[in-house]
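Both ligands and their constituent atoms are indexed starting at 1 by order of listing.
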Amino acid sequence: MSDVHVFPTFDALSRSASQHIAAHIQTVLRENDTYALALAGGSTPERTYELLASGFPSIAWERVHIFWGDERFVPSSSARSNERMARRTLLSKIDVPFANVHPIPTDAGSPSVAADRYNDHLRTVFADRDHTFDLTILGIGDDGHTASLFPGTRPDATDADKTGLPDGRLVRAVEAPAIYDIRDRVTCTYRALNASTEVVFLASGADKQQAVARARAGDPDVPAAHISPRHRLTWFLDPGAAGEEA
Ligand code: 6PG
């Protein structure tokens, strides 16, 4: 199931996305002890994280576990770190226990060692589950990449299996194309992202319009087109990203 919502402004998009995520957290925690939320990097989610941190005092953050869909292989103190962005906009403002925050270990010696460690960690944390994240937040690049799955990467046949915790790699080290200044990345794989119950895409601005349209049309050359979670995928767009700008 895929829903699309277009909002007149970026702030309205972010506000509605934060409400959607908060509602999903509260719904799942009514039936389950814990909740697994995977965060996106980049700049688009920042406002959503700030609103999520400030607007929903009733969320039981002590039962929420925080993960990342991908990370740039930089120290967590770096201004380019997805972890640092999330700590600044969300984690530093909510009562989430230290042990509930699961960053990608960029202090490991290499991207492949970091990927192996995070892969093993996710396998351990999700050992008793039939899915990975309850909700994954994703952005999209103007080339159609999502997380750090760049054009040229294709899912394996089993990557959209709809039952059970998938076998195989959940996390990989990847090298971003040469146009990116930070090329060393660690990313969740298609199978890890597709084993999420829900995915929320956030996209803003006319420079994303073509990538969003191709992803929604299922263009196989667009990595975001291969995201197919277990239950629901929702696009939160502004007029520019939706191609509705006058
Ligand atoms: C990253 C992200 C990446 C991001 C897109 C969109 O580490 O950069 O995870 O996939 O979501 O590049 O980035 P913007 O939101 O900044 O446009």
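Interface of T44 with ligand 1, defined as ligand atoms under 4.0 Å from a residue heavy atom, comprises 14 (P), 15 (O), 17 (O). Close approach of ligand 1 to R185 is summarised as follows: ligand atoms under 4.0 Å from at least one heavy atom of the residue are 1 (C), 7 (O), 8 (O). Proximity to N82 (heavy-atom distance under 4.0 Å) selects the following atoms of ligand 1: 1 (C), 7 (O).
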- [ ] Give the intermediate values and the outcome of side-chain contact (heavy atoms from CB on, under 4.5 Å) for residues F150 and T187.
- [x] CA-CA 10 Å; F150 292 95; T187 188; over 6 Å; no
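Residues forming a side-chain contact (heavy atoms from CB on, under 4.5 Å) with T27 (at least two apart in sequence, or on another chain): R30.
Not one N or O of T146 is nearer than 3.5 Å to an N or O of ligand 1, by distance alone. Residue S148 has no N or O atom closer than 3.5 Å to an N or O atom of ligand 1.
At a 4.0 Å heavy-atom cut-off, ligand 1 does not touch E71 at all. The proximity of A40 to ligand 1, defined as any non-hydrogen pair under 4.0 Å, does not occur for either the backbone or the side chain.
Checking S58 against Q26 by side-chain atom types alone, a donor-acceptor pair falls below 3.5 Å. A donor-acceptor pair shorter than 3.5 Å can be found between the side chains of R185 and S148.
Across R88, R84, R87, a single residue satisfies salt bridge (charged side-chain N to carboxylate O under 4.0 Å, His left out) together with E46, and that is R88. In summary, of the residues considered (W68, Y118, F67, F133), a ring-ring contact (aromatic ring centres under 6.0 Å, His included) with H102 occurs for F67 alone.
The shortest heavy-atom distance from K208 to ligand 1 is under 4.0 Å.
In terms of protein heavy atoms, atom 5 (C) of ligand 1 is closest to H145 NE2, 3.4 Å. Of the protein's heavy atoms, R72 NH2, 2.7 Å lies nearest to atom 8 (O) of ligand 1. The protein non-hydrogen atom at the shortest distance from atom 6 (C) of ligand 1 is I140 O, 3.5 Å. Taking atom 9 (O) of ligand 1 as the reference point, the nearest protein heavy-atom neighbour is D70 OD1, 2.6 Å. Taking atom 13 (O) of ligand 1 as the reference point, the nearest protein heavy-atom neighbour is G42 CA, 3.9 Å.
More than 12 heavy atoms of other residues, nucleotides or ligands lie within 6.0 Å of CD in Q19, so this atom counts as buried by the packing criterion.
K208 and D238 are not joined by a salt bridge, as no carboxylate oxygen comes within less than 4.0 angstrom of a charged side-chain nitrogen.
Counting only non-hydrogen atoms, the option in A147, G139, G205, A211 that gets closest to atom 10 (O) of ligand 1 is A147.
Counting only heavy atoms from C-beta outward, the side chains of F56 and S18 approach each other to under 4.5 Å.
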